[in-house]
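Each ligand, and each atom within it, is numbered from 1 in the order the structure gives. Sequential numbering from 1 along the given sequence is applied to the chain's residues.
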Amino acid sequence: MTGTSGDLKGGKKFLLAPSILDADQLSLGEEIRKVKNELDWVHIDVMDGHFVPNLSYGPGLISSIRSGFPDMFIDVHLMVEPSERFVGMFAEERPDILTVQAEATNHIHRVLQSIKDAGIRPGIAINPGTPVSVAETVLHMADLVLILTVNPGFGAQKFLPEAAAKLKELVRFRAVHSLGFLIEVDGGIRADNAGFLVSTGCDVLVAGSAIFRGGDPALAAAEIRKSALGG
Ligand code: DX5
Ligand code: ZN
């Protein structure tokens, strides 16, 4: 196996990456602190109002999280177009993973290479309408493949069950080609589908509304964790 997935998982069955998109935006530090003991990574959704119909964060937030939580593993998901215009400014903030959308550039190979050249682990994300085959020629360059299980732009949408076929396809592709990328699922993840997704082969679960829209983020994260382990 090539790549760094083994190291990143540290022997765990799966990793939990809360997305702060649905957290209380006035108190992001406090919100992260509430789930700190339950999370493996923090997932930051960057939206440009162009690639997706919503606006969210800039590089300054990564910098603030880095100072507030020096040991935090920061997983940045760029939903911005064209990717090449934004990669440099985010790479400067030294996220642990920087993921770009396969659909947001004509030059995915160059973009992934530029992230690697900056010393950051690159990830590639694919929308629900995009086949895995679009990314196959560059999967050897990626440390992470993010399968969007909703159409990106907003939290609290319903999980699209057809994404399961893509997950299986990627698990197979990775084994056949002895690659080492982690597979992350993002969108509509909650306690009732976490077990199935982990047992089907995903490595990283992103969850936003299921964690931050209830009363107790730590409890909600623990419930997802429990169901993911039992699945
Ligand atoms: C989709 C984002 C997700 C999403 C997760 O645009 O990339 O990270 O907000 O939120 P939930 O878990 O509420 O679907
Ligand atoms: Zn995301």
request  = Take I97 and I120 through the side chain to side chain contact (heavy atoms under 4.5 Å, CB included) test and state the conclusion after the steps.
outcome  = CA-CA 6 Å; I97 290 193; I120 314 268; 5.9 Å; no
Table of N or O contacts for ligand 1, cutoff 3.5 Å:
unit_1, atom_1, unit_2, atom_2, d
ligand 1, 6 (O), G153, N, 2.7
ligand 1, 7 (O), D45, OD1, 2.8
ligand 1, 7 (O), H77, ND1, 3.4
ligand 1, 7 (O), D186, OD2, 3.0
ligand 1, 8 (O), D45, OD1, 3.2
ligand 1, 8 (O), D45, OD2, 2.5
ligand 1, 8 (O), D186, OD1, 2.6
ligand 1, 8 (O), D186, OD2, 3.2
ligand 1, 12 (O), G208, N, 2.8
ligand 1, 13 (O), A156, N, 2.7
ligand 1, 13 (O), S209, N, 2.9
ligand 1, 13 (O), S209, OG, 2.6
ligand 1, 14 (O), G188, N, 2.8

request  = With sequence neighbours left out, write down each residue that passes ring pair (Phe, Tyr, Trp, His ring centres under 6.0 Å) with F69, or none if nothing qualifies.
outcome  = none
note = Note, the Zn ion (ligand 2) has protein N, O or S atoms under 2.8 Å numbering 4
key: Within residues 58-68 or reaching into it, pairs that qualify as salt bridge (charged side-chain N to carboxylate O under 4.0 Å, His left out) - sequence neighbours excluded   = R66-D96
ask   = In terms of side-chain heavy atoms, does H77 have a donor or acceptor partner in Q101 at a distance below 3.5 Å?
value = yes
query = Do E84 and R110 sit within salt-bridge range, that is, some charged N less than 4.0 Å from a carboxylate O?
reply = no
inquiry  = Would you say the ring centers of H140 and H177 fall short of 6.0 Å from each other?
reply    = no
request  = Establish, yes or no, whether the cationic atom of R190 lies under 6.0 Å from the six-membered ring centre of F159 and within 45° of the ring axis.
outcome  = no
inquiry  = The test is side chain to side chain contact (heavy atoms under 4.5 Å, CB included); show your working for V145 and L182 and say whether it passes.
reply    = CA-CA 6 Å; V145 180; L182 294 183; over 6 Å; no
task = Check the pair L144, V204 against side chain to side chain contact (heavy atoms under 4.5 Å, CB included), reporting the backbone distance first and the verdict last.
result = CA-CA 9 Å; L144 180 91; V204 189; 4.3 Å; yes
